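Every chain is numbered from 1 and lettered A, B, ... according to where its sequence line falls, protein lines coming before strand lines. Quick caveat, the model's predicted, so the values are computed rather than measured.
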2 protein chains.
Amino acid sequence: MRNAKRARPHFRLDESLLTGLPPFSKLDSRQIREILDQASARRYDEGSAVFEEGRSAERFFMLLDGYIRVVRISPSGEQVIVMHIPGGQLFGIAKALGHTTYPATAVTAAESLALSWPTRLWDTFVAQYEGFSTETYKTVGTRLGEMNNRIMEMATQQVEQRIANAILRLVNQTGRKVEGGIEIDFPITRQDLSEMTGSTLHTVSRTLSGWEKHGLISSGRKRITVCDPHRLVLLSGATG
Amino acid sequence: MRNAKRARPHFRLDESLLTGLPPFSKLDSRQIREILDQASARRYDEGSAVFEEGRSAERFFMLLDGYIRVVRISPSGEQVIVMHIPGGQLFGIAKALGHTTYPATAVTAAESLALSWPTRLWDTFVAQYEGFSTETYKTVGTRLGEMNNRIMEMATQQVEQRIANAILRLVNQTGRKVEGGIEIDFPITRQDLSEMTGSTLHTVSRTLSGWEKHGLISSGRKRITVCDPHRLVLLSGATG
DNA sequence: GCCCTACTTTGCGCTGGGACAACCAAAATA
DNA sequence: TATTTTGGTTGTCCCAGCGCAAAGTAGGGC
């Protein structure tokens, strides 16, 4: 999202925005133009809600730049981070999965830029644009697999391993090379990590402190840099 | 599956098998005939594997009768039950989600009957049969939602609540009315429940014993009857 | 520069529930 | 019927990690 910041204000709805993104990769210039013409673009500040759980799913979205955090609130009021969505992916596609309302809330984890279309266009997109449907469902499949892995982790692993996994996942999705390691490219708090792992900010803080002492990571306020990915992988409980 | 038992041996691949099942509900007699002609049917004993995690996804399946348990093994060798699939649903549809191998193992939780088709027919089905794709993805959406709920539970709830939720889910999917309550309609062990909730068979046993003392459930070897669904719902932590 | 708020760290006590172990009971098998 | 196997119960111990509390620190806003 650092780039988007520079690109604004008044960026153009340019074809190059969509060209190459999986759901649109098989389309020609004219088709992409068509799709863009029907889109509305919007910038979101860090921490703002794009849509909320339970609301009628009026639109679906393509995240061009930034980072989306999908969250749900438990009956007892605790927030759980269900997943993170990196730039270049569709989200809020309730329609594709037979829902009429959003099943979770989408909040930006960083300043973000997204296109959106009215949900009624979904069927048109599926019918008219080659590869759109297939690629979309690949994404859905990937997300399903990730959630599956989360369930496995929660069922079998200790908190320390789950934190390691959460961090590694973020680093893989969004790691930015920096002197001394790879940094997670958006602000992330101990609280956030606890909401991703089903733990508490206290335990997360203790764990990270421990890792920092041993040189595995280096961290600061809302910032985590992985210095020794290899040892973190070992900790995460992966076999091999 | 009790009915299947009676229906065999030598049941016929009759149109009525598929008529009315969501993915085929919009098709006419001829189309269903077409689909059936390409299917192979097979009966599975309780506890047998239909397909295994990691194997090439050669076929996709429709469970006609019985119950499928989707399981994965963690790196440390523990088994986790990811979900249960009731009769009337497609499963093993890796292709639909962009996978070429099965992402988990499917084991029958009871004697079962399933049709299957070669994966290469998937695209044909999607292209030729109205509603097939839409209905399939509705199912996928539902499953995604359920996994989402599992994650929420694991992140925020105590073991007792998770066990209550697991049992309620099974009862809703497959509850059979019986004198004194509603019974889960296939054999289920304490171990199974622990693999569904990320707990241990010891804790599950203790919990069920407690509930039985208070008249919430009545249970036996591989059998659970819910006597007081309402109080179980309260325990499960649902709000309202 | 200063304050104030939002993060973070750390100590301490407590407990849910996992690990281990022993025993019991019902099915399956012979 | 005897034997073995598989599933269930229960007791004891113990520790990972949560809850609570208190204090430290870095940014953002003015």
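Picking from C:dT9, D:dT10, D:dG19 the nucleotide with the shortest atom distance to the side chain of B:S209 gives D:dT10. The side chain of B:S199 lies closest to C:dG18 when the candidates are C:dG18, D:dT9, C:dT9.
Rounded to an integer number of Å, the gap from B:M154 CE to C:dG16 P is 19 Å. Rounded to an integer number of Å, the gap from A:R190 CZ to D:dA26 C1' is 12 Å. Rounded to whole Å, the distance from NZ on B:K213 to P on D:dG8 is 16 Å. Rounded to a whole Å, the CG atom of A:L201 is 15 Å from the P atom of D:dA21. For the pair A:Q191 CD and C:dT5 P, the computed distance is 19 Å after rounding to whole Å. One can place NZ of A:K222 at 8 Å from C1' of C:dC7, the figure rounded to the nearest angstrom. With rounding to whole Å, B:W211 atom CH2 is found 16 Å from D:dT9 atom C1'. Distance A:R223 CZ to C:dA6 C1': 17 Å, rounded to the nearest Å.
By the 30° and 60° cut-offs, the orientation of the rings of A:F51 relative to A:Y102 is parallel. Between A:H84 and A:F186, the ring planes lie tilted relative to each other; the angle falls in the 30° to 60° range.
B:T189 comes within 4.0 angstrom of sugar-phosphate atoms only, judged by non-hydrogen atoms across all strands, and of no base. At the heavy-atom level, B:E160 lies nowhere under 4.0 Å from the strands shown.
Within the structure, every side-chain polar atom (N or O) of A:T203 is placed at least 4.0 Å from both OP1 and OP2 of D:dA16. Phosphate proximity of D:dG8 to B:S205: absent, as no side-chain N or O sits under 4.0 Å from OP1 or OP2.
Under the 4.0 Å criterion applied to side-chain N and carboxylate O atoms, B:R69 and B:E195 are not assigned as salt-bridge partners.
Evaluation of the ring pair (Phe, Tyr, Trp, His ring centres under 6.0 Å) rule for A:F60 yields A:W117, A:W122, A:F125 as partners, not counting sequence neighbours. When the ring pair (Phe, Tyr, Trp, His ring centres under 6.0 Å) test is applied to A:Y44, no partner is found at least two apart in sequence or on another chain.
The CD1 atom of B:I81 lies 6.5 Å from the CD1 atom of B:I188; values are rounded to the nearest 0.5 Å.
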Using a cutoff of under 3.5 Å, can you pull out all pairs of nitrogen or oxygen atoms linking the protein to nucleotides 20-30 of chain C, with atom names and distances?
{"unit_1": "C:dA21", "atom_1": "N6", "unit_2": "B:H202", "atom_2": "ND1", "d": "3.3"}

